[in-house]
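Each residue takes its place number in the sequence, starting with 1.
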Amino acid sequence: MKEVHQKVNLIPVIAKSDTLTEREIIEFKQRVWDDINHQGIRIFIPPEYENDDDETKSATKDIMSRAPFAVVGSTQSIQTTDGRIVRARSYPWGIIEIDNEDHCDFIKLRQLLIRNFMEELKETTDKVLYENYRTEKLRKLGIEQDESVFQEFDPLLKQQEEQKIHEAKLATLESQMKTT
């Protein structure tokens, strides 16, 4: 993780969490967080926007409270004792449902990756991580990059500037017409 955290979005996942007890999962999650913080590893944190409502902020906080995500995988469909067909793993002591938030964090991980923050993940990868990686590689080759080429601009500000230039041209033409 320490080698790649500046090149890719990291989302910590604890695989095969069905091999751990609930208490062991809590302790393991804490150890993972401690290691991440101690090593200075950057993980993907969803951005918070100023126009987000309280419900959205709360949902994001709820998703990230489950990280690192303890997941169990399965492609089997199993019938539960109450007759439901669910994706699960079967054990002699019972079953672990993949889509049950009480059993694993798969739902929260799916919300983070696909439902809520897919665009943010893409943008962070393309506009931040890749550009930083690319710039560093070019710098190591001795090629300096002109940063002004990649500066973003505000379309509204650009439009206002163009409007001022246009109005100045019109005023000049008008004054020339009055003098002739």
Other ILVMFWY residues reachable from Ile78 by side-chain steps of under 4.5 Å
Val86, Ile95

Can you pull out every ring pair (Phe, Tyr, Trp, His ring centres under 6.0 Å) where at least one residue sits in residues 92-131? Sequence neighbours excluded, please.
Tyr91-Trp93

List the steps, then state whether side chain to side chain contact (heavy atoms under 4.5 Å, CB included) holds for Thr56 with Glu48.
CA-CA 9 Å; Thr56 302; Glu48 192 172 292; over 6 Å; no

Kindly compute the distance separating CZ (Arg87) from CD (Glu97), expressed to the nearest 0.5 Å.
11.0 Å

If hydrophobic clusters are built from ILVMFWY residues whose side chains come within less than 4.5 Å, do Ile11 and Met118 share one?
yes

Cluster check Phe69, Ile26: I/L/V/M/F/W/Y, side chain < 4.5 angstrom:
no

Applying a strict under-4.5 Å side-chain criterion to I, L, V, M, F, W and Y, I'd like to know whether Val71 and Leu121 cluster together.
yes

Inspect the surroundings of NZ in Lys57 and state if more than 12 heavy atoms from other residues, nucleotides or ligands are less than 6.0 Å away.
yes

Restricting to pairs with a member in residues 171-180, which pass salt bridge (charged side-chain N to carboxylate O under 4.0 Å, His left out), not counting sequence neighbours?
Glu174-Lys178

Between Thr135 and Asn132: side-chain donor-acceptor atoms closer than 3.5 Å:
no

Point-to-point distance, once rounded to the nearest 0.5 Å, from CD1 of Ile98 to OG of Ser74:
5.0 Å

Under a single-linkage definition using a 4.5 Å side-chain heavy-atom cutoff for Ile, Leu, Val, Met, Phe, Trp and Tyr, are Val128 and Leu10 assigned to the same hydrophobic cluster?
no

CD1 (Ile63) and CZ (Arg115) are apart, to the nearest 0.5 Å, by 10.0 Å

So, for Phe44 and Pro47, which heavy atoms are closest and what is the spacing to 0.1 Å?
CZ-CD, 4.4 Å

Got a donor-acceptor contact below 3.5 angstrom from the Ser58 side chain to the Glu55 backbone?
no

Apart from Ile107 itself, its cluster of hydrophobic side chains linked below 4.5 Å comprises none

Connected via hydrophobic side-chain network under 4.5 Å: Val4 and Tyr133
no

Can you list, pair by pair, the side-chain donor-acceptor contacts under 3.5 Å of residues 27-43, counting residues two or more places apart and other chains?
| residue | atom | partner | partner atom | Å |
| --- | --- | --- | --- | --- |
| Glu27 | OE2 | Arg23 | NE | 3.4 |
| Lys29 | NZ | Arg66 | O | 2.8 |
| Lys29 | NZ | Pro68 | O | 3.4 |
| Lys29 | NZ | Asp105 | OD2 | 2.7 |
| Gln30 | NE2 | Asp34 | OD1 | 2.9 |
| Trp33 | NE1 | Ala67 | O | 2.7 |
| Asn37 | ND2 | Trp33 | O | 3.2 |
| Gln39 | OE1 | Lys2 | NZ | 3.0 |

Is a side-chain donor or acceptor of Thr19 paired with a backbone partner of Lys16 at a separation under 3.5 angstrom?
yes

Decide yes or no for Pro46 and Glu120: does some side-chain heavy atom of the first lie under 4.5 Å from some side-chain heavy atom of the second?
no

Between the CG atom in Asn116 and the CD atom in Gln111, the distance rounded to the nearest 0.5 Å is 5.5 Å

Nearest 0.5 Å, what's the CG-OG1 distance between Asn9 and Thr125?
4.0 Å

Who else is in the cluster with Ile143 when I, L, V, M, F, W and Y are joined by side-chain contacts under 4.5 Å?
Leu138, Leu141

Taking atom CZ of Arg84 and atom OG of Ser77, what is their separation to the nearest 0.5 Å?
12.5 Å

Shortest non-hydrogen pair, Ala70 vs Cys104, comes out as O-CB, 3.5 Å

Enclosure of Glu167 CD (heavy-atom neighbours >12, cutoff 6.0 Å)
yes

Gln163 side chain reached by His166 side chain, heavy atoms, under 4.5 Å:
no

